[in-house]
Amino acid sequence: MTRYTPAEIEARWQEVWNRDEIFKAVRSADKPKYYVLEMFPYPSGRIHMGHVRNYTMGDVIARYKLATGHNVLHPMGWDAFGMPAENAAMAIGGHPKDWTYGNIADMRDQMKPLGLSIDWSREFATCDPGYYGQQQALFLDFLEAGLVYRKNAQVNWDPVDMTVLANEQVIDGKGWRSGADVERRELTQWFFKISDMAGELKSALDGLENWPAKVRLMQENWIGESRGIDIPFERTDGKGTILCYSTRPDTMRGASFIAVSPDHPVSKALEAENPELASFIEECRKMGTTEAAMEKAEKKGIDTGLRVKHPVYEGVELPVWIGNFVLMDYGTGAVFGCPAHDQRDLDFARKYGLDVRNAFYMPGDETEVEDVALVPAKTEKVVFIDHFAGIAETTSQDGINATIDYFETHGLGKGQTQYRLRDWGLSRQRYWGCPIPVVHCADCGVVPEKKENLPIELPYDVSFDVPGNPLDRHPTWRDTNCPSCGKPAKRETDTMDTFVDSSWYFARFTAPDAKTPTIKEDAEYWMNVDQYIGGIEHAILHLLYSRFFARAMQITGHLPKSANEPFDALFTQGMVTHEIYQTRDAKGRPVYHLPEDVTEGKLSDGTEVEIIPSAKMSKSKKNVVDPINIISAYGADTARWFVLSDSPPERDVEWTASGAEAAFKHLTRVWNLCDRIGKMERDTAGQGDEALLRAMHACIHDVTMGIESFGFNAAIAKLYAFTATLQKSKAGHSAQREAIMTLAQLMSPMTPHLAEDIWAHQGGKGLVTTATWPVADEAMLVSDTVTLPIQVNGKRRAEITVPADMPKEEVEKAAIADQAVQRTLDGATPKKIIVVPGRIVNVVV
RNA sequence: GCGGGCGUGAUGGAAUGGUAGACAUACCAGACUUAAAAUCUGGAGGCCGUAUGGCCGUGUGGGUUCGAGUCCCACCGCCCGCACCA
């Protein structure tokens, strides 16, 4: 008897797909296009189970779309710039470029055995000069369009990686990669003008119906829109006004002080003449060196002695304080404090003996605020105290709106929408990144490089023996001539944040070899990405930046307007997890063990291991399973089948040895089934042909729905069940052959090699990969009779089998006539009978 | 503090408001085998009962409905995102 030998089968079919170039994407007007993209990997050198899961999901979609008559684009590339390459060069010697391209070659070799339906002819790495040269061209176009600019700014400085980080890359006050406490530094940096698009990036989220609500919400929170008002407060010394931003102008009656940032122009002016203030400001700067410290810092302030006039109440003056909690780069860098209705202002007021005055009460409760600020929800009704805009009992939100109207009509302030989103600083003081294509000239200043000089390639001869950016100390690369006046000048030595590289790669895949960033016809044909798949960890950074880039590329003519939102549908898949096996050494420190070294909770020497619940696979905890080992033991189809089978795709899936084995057993069973059917008597009649074919059509229906709705685990469950049905079937050869071939087709997106082999074995025409997806026959989905459960008062008591087209009244009669129903009714008369055709009957007494 | 999500057998999980626990793992029994593995067949939410069957059951409490795991309210627990944002 022949056996299921995945290694042989998989190599053979990959060879065929490759030879026939069936995954090569070519523009065509005949079929609807479909662009499937999984977030491209960083070339660390090894693929892991997370990659297998991510790319398998994309592959299921891509293969399904191919079979349903779409012209599919399914590309793969490498997010190849970044610090690990430099760290490796520093730690083990060698060159980042060699390290990176070596890793890419290794990972490609590990990925190809998975049998993914990828058009490898479109492959590129972001560190290819052909890619980053076009990125430099984009940069120059953005510069011309005013979408990128240079400014002196307080930046987040990562002291370990010795580079600048964007706000988005600072997590809990620490660098997203290094984990080091981030410091504040003042540097001249390049910025993308993403804040100009804040409103648009926020409102367009509403149109992304096929994105997870969670991701949209995270982006919305990150952009942080708030509606408020700018109010100028007139200084009593006649030296102009201080502009404050507030979202709660309705509380103006309770305003008791103004607080400005230590970096505010007012503070800076006073610093020069008042030593006491200067030392306070100095203290604030010192304290604020790390983001982490800022979060815990005590609220402190100092009275400047300045006074401003209350904009509404004649004769009322408010003191101007410098507050360490006021941010210069949000709003106007100055606020008015209303202690009664803001806990932070209240704490501040109590500490420094400032007035506390209610602007409103809760209805029926006129207690003045003492130690707890009165901050009801904006939707709650409150009673305003002699409010200047004439409002009395209303919600805070209505109060805010009425107050803004009042201020605007009386020329006291201007309604303003603020965003939390800041401009995206892209300068990085690193070598292994895309050089920023500008030149610094003593005479002309900052001069853009000429497009014909692109790409500005990274020099190869660099050293990493001293910290910092090797481009900064490169003997010749840095020196150049000014593109404008031709005199000697210096190149910009900062490179771009690697998030720039991943912000437009999806567009480049539509024309990967073009001499311009994109080609109009290709971009128009292939964009947008119809289905994007990746991890939730990119919910903010990568996806927000890509949305910005798509708009910026549209403005600069590199993408059609219809590609404003580059990803029509987004799916965020869960991780692959594994139990952690731990013992302790003589000093009680944990020692971790690889899953393959543990059998039934014991090491090979019999030591019992402690089992820690499943967590994300990580090298340090050794709870990893190498896809390569799984593929060599069971084949790629088993790995693919398993990562999809046990959990819904958006949730984490726990890798278990028994689960992987079960997947392999099942595929073996299907293969054996195919073998058995191939050897059946051809012309002998069987029993239950129709029942088998009905089950088959139900399976077609369920699996199709499952794939369409990302219910891969449920689709696989249906395939298990149908396999069991087929295995037990006594149907004749032709029905069984039809069933096994359909089963192969339905399995083909998940286990393409096995499916291909079965198809060929049964004499199928061509390849299963390109065969038309089966369609469930409606007539085979409905049967002549139907079994209805019967409830009495909502509790299931019996079931009856009746003709499917039996009229309601007849069904009612049949239901009541049932013995079990009669027994439950016990002589009572039904008040009402509800018949849901084809589903259920409920008798109400 | 603000915002969001999730609680179903031993486990992962299934279930357009309509028979809760599909499918899989682990478990138990049987067949085959000298034996084991592999394979195949069957069982299985809990409690009561020899059994036909009955009662209970989707974190807790309430509500809407003929009917709630699913919708609404409150609470408890866990997870995630944001957070000096005026």
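Numbers restart at 1 for each chain; the letters A, B, ... are given by sequence-line order, proteins then strands.
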key: Distance, rounded to the nearest Å, where A:Gln573 contributes CD and B:C80 contributes P   = 18 Å
Distance, rounded to the nearest Å, where A:Gln343 contributes CD and B:A86 contributes P = 16 Å
Between [M] and [N] - [atom1] atom distance, rounded Å:
{"N": "B:U11", "M": "B:U50", "atom1": "P", "answer": "30 Å"}
{"N": "B:A83", "M": "B:G18", "atom1": "C1'", "answer": "45 Å"}
{"N": "B:G53", "M": "B:A37", "atom1": "P", "answer": "37 Å"}
{"N": "B:G4", "M": "B:A15", "atom1": "C1'", "answer": "25 Å"}

task = Examine the side chains of A:Gln397 and A:Asn401 and answer whether a donor and an acceptor come within less than 3.5 Å of each other.
result = yes
Between [X] and [Y], does at least one N-O distance fall below 4.0 Å, as a salt bridge requires?
{"X": "A:Arg248", "Y": "A:Asp250", "answer": "yes"}
{"X": "A:Lys300", "Y": "A:Glu283", "answer": "yes"}
{"X": "A:Lys679", "Y": "A:Asp675", "answer": "yes"}

Short side-chain N/O contact to [N] OP1/OP2 from [X], under 4.0 Å:
{"X": "A:Arg422", "N": "B:C85", "answer": "no"}
{"X": "A:Ser226", "N": "B:A86", "answer": "yes"}
{"X": "A:Tyr330", "N": "B:C84", "answer": "no"}

ask   = Under a 3.5 Å cutoff on both atom distances, Watson-Crick or G-U, what's the dot-bracket for RNA chain B ([ ] crossing, | other strand)?
value = (((((((..(((.....[....))).(((((.......))))).((((....))))..(((((..]....))))))))))))....
ask   = With A:Arg694, which residues qualify under salt bridge (Lys or Arg N to Asp or Glu O under 4.0 Å), at least two apart?
value = A:Glu690
Can you pull every protein N or O that's under 3.5 Å from an N or O on nucleotides 47-55 of chain B?
{"from": "B:C55", "atom 1": "OP2", "to": "A:Arg797", "atom 2": "NH1", "distance (Å)": "3.1"}

note = With sugar-phosphate taken as primed atoms, P, OP1 and OP2 and all else as base, the protein-contact string of nucleotides 62-71 of chain B at under 4.0 Å (heavy atoms; B, S, -) is ----BS----
Enumerate all atom pairs, one protein N or O and one N or O from nucleotides 38-45 of chain B, separated by less than 3.5 Å.
{"from": "B:C40", "atom 1": "OP1", "to": "A:Arg669", "atom 2": "NE", "distance (Å)": "3.1"}

remark   = Assign each of A:Ile540 and A:Arg796 the nucleotide of RNA chain B bearing its closest heavy atom; nearer the 5' end lies the nucleotide of A:Arg796
note = Judged by nearest nucleotide, the residue sitting upstream toward the 5' end of RNA chain B, A:Phe325 or A:Gly659, is A:Gly659
Shorter than 3.5 Å, N or O on both sides, protein versus nucleotides 4-13 of chain B: list them out with atom names.
{"from": "B:G12", "atom 1": "O2'", "to": "A:Asp646", "atom 2": "O", "distance (Å)": "3.1"}
{"from": "B:G12", "atom 1": "O2'", "to": "A:Ser647", "atom 2": "OG", "distance (Å)": "3.0"}

Proximal nucleotide (of B:C84, B:A24, B:U19) relative to the A:Pro789 side chain = B:U19
query = Can you check whether A:Phe664 and A:Tyr4 have ring centres sitting under 6.0 Å from each other?
reply = yes
key: Check: A:Phe722 ring centroid to A:Tyr720 ring centroid under 6.0 Å   = no
